[in-house]
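Reading through the structure tokens given below for one structure.
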Amino acid sequence: MIDLKLLRSDPERVRLSQRTRGEDPALVDELLAADERRRTAVAAADSLRGEQKTISKQVPRASGEEREELLRRAKALADDVRAAEAEQAAADEAVRRAHRAIPNVVAEEVPPGGEDDSVTVETVGTIRDYAEPVRDHMAVADLHKAIDTERGAKVSGARFYFLTGVGAQLELALVNLAMARAADAGLTPVIAPALVKPEAMEGTGFLGAHAAEVYKVDADDLYLVGTSEVPLAAYHSDEILDLSAGPKRYAGFSPCFRREAGSYGKDTRGVFRVHWFDKVEMFSFCRPEDAEAEHQRLLGWEKDFLTALELPFQVVDIAAGDLGSSASRKFDCEAWFPSQQRYRELTSTSNCGTFQARRLGIRYRDENGKAQVAATLNGTLCAVTRTIACLLEVHQQPDGSVHVPAELRPWLGGREVLEPA
RNA sequence: GGUGGAGUCGCCUAGUGGCCGAGGGCGCACGCCUCGAAAGCGUGUGAGGUGAAAGCCUCCGUGGGUUCAAAUCCCACCUCCACCGCCA
């Protein structure tokens, strides 16, 4: 939810944000009107309630005729209070609805426009030459019997897979490496629940425009998370944090479930785009004034991880129209896929400012001891299957073997090369 | 899944219809005392809305209901604890 104080003091800033995202600026004025109506309703209900309480308090001290008179007036007021409270509830609901409809205000530096308007800000590593034919990740995986999508489909359907043999070992190695690096950087390792209540899903902003992406377990009113950002953000919901020693940082491991509605026919081969995968996600709670620096820190750790895996990649400053509803700014790291001759998203980091925290009730104490809304940020450290796909492609050798990056070797029994099975 | 018990301002706790719209203790902060500290004494100590401020209003697990008036009574739900059943 956006800051209503900002909305009142600078509505044009919010309208501009809406236009930059390609969203309707009229929603801003709807929210302003709803907010005004709500404030009027609250004031009216408050004063009626106050009056009624004053009279009620006199009842026990009164007797006889005076008491009857007080009761008569109190009863009449009780009806008025009921009506005023009904109006207040309706106004509250209208504000909630209008409030939810507006995504986070984009940062001023964000490139305007849609997907094609994102800006590449940095390219890291060099793309080497590949002997023909260049195998895509499934072709390499087949040589190693590392990924079984056929049986994945048999058992669970399209976009499911089994990791087998060295494929399974690669997942464990990547997760171990990611978690070890995260812990070294001072993040707290977390194993997070993948099934969450509606409040957690709603609070993180995943039931808005992208609700169709989310799996729901109807029988129990729970949702399968699409990222551990959800449980990690909700971890501190309704808490007042002590951030005096700096941001609270976590690295959460969990499975991720995505319906991939609307991506029919896209990236259908292999495990590039699947309904379920495991991921190590970074999450940070900090003061709003530190959020931008924290964002760069998360991006830095993502870059370090890809560099450790010896993967060439680009950093992309995501355009406004492609930002999630909670993000004010987002950077993707896109790694090179030789079979596709292009960079594809491997990690992504978003600065949500106070947008998520406001909805989740996450605050901290400022230097005056006053509770203020905190800022939240998230970033991928390692989305396992897509990273495996990239590793297999980038590090494939003409003979079908796969080079193992030095950093990963300790987690793969010291192997420097993976030989075809 | 069954039975029983419990959810109060950081923690513990008082409170069964109206000077409790929340008392006490612990903890914490500040002050006095001290060379310094402890002890002792004193003062203060939840969040939110609105307002220039004083103030007013909301919140006693959540949501409904009864009443002029609810932490307190009624209903539903949630969570936790104990025991039983089942189970990785």
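Order of the sequence lines sets the chain letters (A, B, ...), proteins ahead of strands, with each chain counted from 1.
Taking every side-chain heavy atom of A/Ile240 into account, B/A47 is the closest of B/A47, B/C68, B/U58. You'll find that the side chain of A/Arg363 is closest to B/A47, out of B/G49, B/A47, B/C68.
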Distance-only donor-acceptor hits, side chain of residues 81-88 of chain A, under 3.5 Å, sequence neighbours excluded:
from: A/Glu85; atom 1: OE2; to: A/Arg49; atom 2: NE; distance (Å): 2.9
from: A/Glu85; atom 1: OE2; to: A/Arg49; atom 2: NH2; distance (Å): 3.2
from: A/Glu87; atom 1: OE1; to: A/Arg37; atom 2: NH2; distance (Å): 3.3
from: A/Glu87; atom 1: OE2; to: A/Arg37; atom 2: NE; distance (Å): 3.1

When the side chains of residues 358-365 of chain A are checked against the rest of the protein, which donor-acceptor pairs come out under 3.5 Å, sequence neighbours left out?
from: A/Arg358; atom 1: NH1; to: A/Met1; atom 2: O; distance (Å): 2.7
from: A/Arg358; atom 1: NH1; to: A/Thr354; atom 2: OG1; distance (Å): 3.4
from: A/Arg358; atom 1: NH2; to: A/Thr354; atom 2: OG1; distance (Å): 3.0
from: A/Arg365; atom 1: NH1; to: A/Gly369; atom 2: O; distance (Å): 3.1

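Under the Watson-Crick or G-U wobble criterion, with both distances below 3.5 Å, B/G55 is paired with B/U50.
With sequence neighbours excluded, no residue forms a side-chain hydrogen bond (donor to acceptor under 3.5 Å, both in side chains) with A/Asp304. Listed by chain and number, the residues in a side-chain hydrogen bond (donor to acceptor under 3.5 Å, both in side chains) with A/Ser348 are A/Asp332 (sequence neighbours excluded). Every residue meeting the salt bridge (charged side-chain N to carboxylate O under 4.0 Å, His left out) condition with A/Arg329, not counting sequence neighbours, appears here in chain and number order: A/Asp317.
Contact annotation: A/Arg39 side-chain N/O to B/U50 OP1/OP2 distance is under 4.0 Å. Taking 4.0 angstrom as the limit, A/Arg365 places a side-chain polar atom (N or O) nearer than this to OP1 or OP2 of B/A47.
A/Arg8 comes within contact range of the sugar-phosphate backbone alone, with a heavy-atom separation under 4.0 Å but no base atom that close.
The stretch residues 87-97 of chain A has no heavy atom under 4.0 Å from RNA chain B, so no residue of it qualifies as close.
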